[in-house]
Amino acid sequence: MPEHAPCRLGVLVSGSGTNLQAIIDRIESGEINAEIACVISNKADAYALTRAAQHGIPAIVHENSRYPERRSYDAATVELLRSHKVDLVILAGFMRIVTDVMVNAFPHAIMNIHPALLPSFPGLHAQQQALDYGVRFSGCTVHFVDCGTDTGPIILQTVVSVEQNDTEETLSARIQSAEHHTFAAAIKLFTEGKIQVHGRKVLILN
Ligand code: GAR
């Protein structure tokens, strides 16, 4: 038996799953001591499901359209996560706002990646918001999820430059490659027990 059982991750997705892939790769290389217990998608056609299946990870379609409202959907998600004995929930391109039902079920144990330097440009189309505003730098933020939209305590951020000729696509691509190592670094810190939350502030232990 290993000294510490690997942290069990539940990854929620809606789309392509490049962040999921980055996490899978780092677990398989031994960089992160974790196991992906399940991947749950609210979209049946999310390519992230294929990525999970290719690596022998349970891939679950859990469509929100089958639930009357957000809280009942979240209650069913919590049940799924609990049935897979998940320790840490990862929102990896999960394009839904989660409610208090999820947040209270996993206190300081839900991480989201957002494609901007929060608190700037929360919500949808963060990259286009940054271009429209004319900022010189944007980036990505990994934060714990609270009941607001992209408002929870910030764990890690990576800065990415904005070029004059950037489009939403080119800026998104540059931010996305920063996301992959930033998300992995935050998950690694969590699995090593090196994160403490004090109100809004996240302390990273050596
Ligand atoms: C990522 O860029 C992530 O920051 C964004 O969705 C993309 C998912 O890509 N998330 C949000 O905008 C959440 N508000 P992926 O499916 O290839 O990992």
Side-chain angles (χ1 to χ4, degrees), residues 9-28 32 34 36 38-55 57 59-64 70 73-74 77 88-99 102-103 110-133 135 137-162 166-188:
L9 311 180
V11 185
L12 271 53
V13 296
S14 302
S16 149
T18 65
N19 279 285
L20 168 67
Q21 189 66 55
I23 298 161
I24 292 172
D25 292 347
R26 285 158 176 85
I27 290 173
E28 289 185 351
I32 299 176
I36 301 183
C38 58
V39 169
I40 300 174
S41 175
N42 68 319
K43 302 281 179 199
D45 61 353
Y47 185 63
L49 291 166
T50 305
R51 293 181 193 272
Q54 281 169 349
H55 291 266
I57 299 165
I60 302 162
V61 177
H62 177 49
E63 285 172 305
N64 51 282
R70 285 181 194 281
Y73 177 73
D74 279 4
T77 310
L88 174 65
V89 182
I90 303 293
L91 307 187
F94 184 60
M95 302 308 280
R96 284 185 63 77
I97 293 165
V98 302
T99 65
M102 275 278 287
V103 173
I110 308 174
M111 279 187 193
N112 181 46
I113 183 107
H114 182 74
L117 294 175
L118 292 170
S120 294
F121 315 128
L124 293 175
H125 302 291
Q127 302 93 332
Q128 187 62 51
Q129 291 185 56
L131 289 173
D132 292 344
Y133 198 93
V135 292
F137 296 95
S138 189
C140 64
T141 303
V142 179
H143 64 92
F144 284 118
V145 172
D146 65 9
C147 289
T149 302
D150 301 324
T151 52
I154 290 169
I155 305 164
L156 293 176
Q157 295 185 298
T158 299
V159 176
V160 162
S161 62
V162 179
D166 263 337
T167 61
E168 188 177 10
E169 289 69 37
T170 59
L171 179 59
S172 299
R174 196 174 310 114
I175 291 174
Q176 214 169 42
S177 59
E179 288 182 8
H180 297 161
H181 63 77
T182 310
F183 218 171
I187 293 166
K188 185 173 164 66

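Everything numeric here is computed off the predicted structure, so don't read it as measured data. Order of listing sets the numbers, starting from 1, for every ligand and every atom in it.
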With sequence neighbours excluded, residues passing salt bridge (charged side-chain N to carboxylate O under 4.0 Å, His left out) with R174 =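 Testing R174 for salt bridge (charged side-chain N to carboxylate O under 4.0 Å, His left out), a comparison that skips the adjacent residues, returns D166.
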Got a sec, which residues hit salt bridge (charged side-chain N to carboxylate O under 4.0 Å, His left out) with K43, two or more places apart in sequence or on another chain?
-> none
Hey, which residues fall under 4.0 Å of ligand 1 on heavy atoms?
->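 Heavy-atom contacts below 4.0 Å: S16, G17, T18, N19, G93, M95, I113, H114, P115, Q176, E179.
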Contacts of Y133 that satisfy ring-ring contact (aromatic ring centres under 6.0 Å, His included) - sequence neighbours left out | F121
Can you find a heavy atom in the side chain of [X] that is under 4.5 Å from one in the side chain of [Y]?
| X | Y | result |
| --- | --- | --- |
| T167 | T170 | yes |
| Q127 | S138 | no |
| T158 | H181 | yes |

